[in-house]
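To start, the structure itself, in structure tokens.
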Amino acid sequence: MPQRGRTNSLEGGVAESASTRPTGRNGDDSQTAQNTQNETPQEHFSDGSGPIFNMYVKMAKEEDNKLAHSWQKDADGILIFTGLFSAAVAVLVAVSILDLKPDAHETSNFYLKNIYQLLADPNISRASILAEPPPFSPPGHAILVNSLWLLSLAISLQCALLATLLQQWARRYVTNTQPPHYSPHKQARVRAFFADGIEKLHLPKAVEALPTLLHLSLFLFFSGLLVFLLNINRSVFHVVVGWVGLSAGVYGCVTLMPIFRRDSPYYAPLSSSVCFLRHLL
């Protein structure tokens, strides 16, 4: 009887252990499922490409940040220069544009001169004295100077506008290619999509065109300055034209040097265009 009671107690213990074992397995399964749900999306790659996408996203992020930073630095430099340059051109235009409209003082002097002649000699014909002043016609050099300077000012302001847009484009590109809540696989696809758009729409060439427009604005300004000084004072004109000619020669050498020396560190915005024309010829 004691042995039989011991057997019953062992059977009861085995049954109790068997009844509690499934409960423990179910608890482990639920814990595993919970851990699986808490895993980040970047860990779910059936083909084992997770580390590759992680590496690609990291390298692409560094490259895009460097590219956007260089665009923003270029835009900052252009904005600073165009602000100072536009202010200088606007001051000169405010002086030269007066030559394009009739001077009220000259009209007054015309009538005063006629009145004086009439009072000094009453025998003078009144028809000639009371005639209207001759129609105003601006001189040719004034038209040329103001055309060059106003065109230079317009191009400079356009460069400032494009530089501001470039800063916005750079920030938008970084924001779109680096979504914070996407998996690396999806981030890679989004980044490739926008990077392909940048290449197809030639955004790097548009960035390089900004300094070209700025240099064109400078050329127009110096051309107008030489014409303006030519009709003001010949001595000052000779001094300025000597310096402008020297600067133009240095700029031409800098532009052409990459054609003759591939290792030249000197470069101008027109160098690539000159190289392209040289290859066509």
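Only this structure's heavy atoms are used, side chains among them; waters, hydrogens and symmetry mates stay out.
- When all heavy atoms of Leu214 and Cys159 are compared, the closest pair comes out as N-SG, 3.6 Å.
- When atom types are taken as modelled, the side chain of Asn146 and the backbone of Ala142 share a donor-acceptor pair closer than 3.5 angstrom.
- Judged purely by atom type and a 3.5 angstrom limit, Ser70 uses its side chain to pair as donor or acceptor with the backbone of Leu67.
- His141 has its ring centre no less than 6.0 Å from the ring centre of Phe228.
- Contact of the Val190 side chain with the Tyr182 side chain is registered, since non-hydrogen atoms from C-beta on lie closer than 4.5 Å.
- Interatomic distance, CD of Gln168 versus CZ of Arg172, reported as 10.5 Å (0.5 Å rounding).
- The backbone N or O of Arg171 sits less than 3.5 Å from a side-chain atom of Thr175, completing a donor-acceptor pair.
- With 3.5 Å as the limit, one finds no donor-acceptor pair spanning the side chains of Thr82 and Ser156.
- Here the side chains of Gln178 and Asn65 are in contact, with some heavy-atom distance below 4.5 Å.
- Of all heavy-atom pairs spanning Asp99 and Pro138, the tightest one is O-CB, 3.7 Å.
- In this structure, Phe53 and His185 have perpendicular ring planes: the angle between them is above 60°, well past the 30° mark.
- Using a 4.5 Å heavy-atom cutoff, the side chains of Phe221 and Leu92 are in contact.
- Of the possible donor and acceptor atoms, none in the side chain of Ser271 sits under 3.5 Å from a partner among the backbone N and O of Tyr267.
- Across every non-hydrogen atom of Ala188 and Val57, the tightest pair is N-CG2, 4.1 Å.
- Between the CZ atom of Phe85 and the CG atom of Leu153 there is a distance of 8.0 Å, given to the nearest 0.5 Å.
- Under the 3.5 Å distance criterion, the side-chain polar atoms of Asp64 are left unmatched by any main-chain donor or acceptor of Val174.
- Between the side chain of Arg234 and the backbone N or O of Leu230 there is at least one donor-acceptor pair closer than 3.5 Å.
- Checking side-chain atoms of Ser264 against main-chain N and O of Pro258 turns up no donor-acceptor pair under 3.5 Å.
- Residues Leu229 and His238 are not in side-chain contact: their nearest non-hydrogen atoms beyond the backbone lie 4.5 Å or more apart.
- Across Gln187 and Pro179, no two heavy atoms sit closer than the pair NE2-O, 3.0 Å.
- With a 4.5 Å cut-off on side-chain heavy atoms, Trp71 and Leu203 count as touching.
- A distance of 7.5 Å separates CD1 in Ile78 from CG in Leu166, rounded to the nearest 0.5 Å.
- In this structure, Thr177 contributes its side chain and Arg191 its backbone to no donor-acceptor pair below 3.5 Å.
- Criterion: ILVMFWY side-chain heavy atoms under 4.5 Å apart, direct or through other members. Under it, Val93 and Phe222 are part of a common hydrophobic cluster.
- Of the possible donor and acceptor atoms, one in the side chain of Asn231 sits under 3.5 Å from a partner among the backbone N and O of Val227.
- Of all heavy-atom pairs spanning Trp149 and Leu225, the tightest one is NE1-N, 3.3 Å.
- Side-chain contact between Leu270 and Tyr251: present, with at least one pair of heavy atoms (C-beta onward) separated by less than 4.5 Å.
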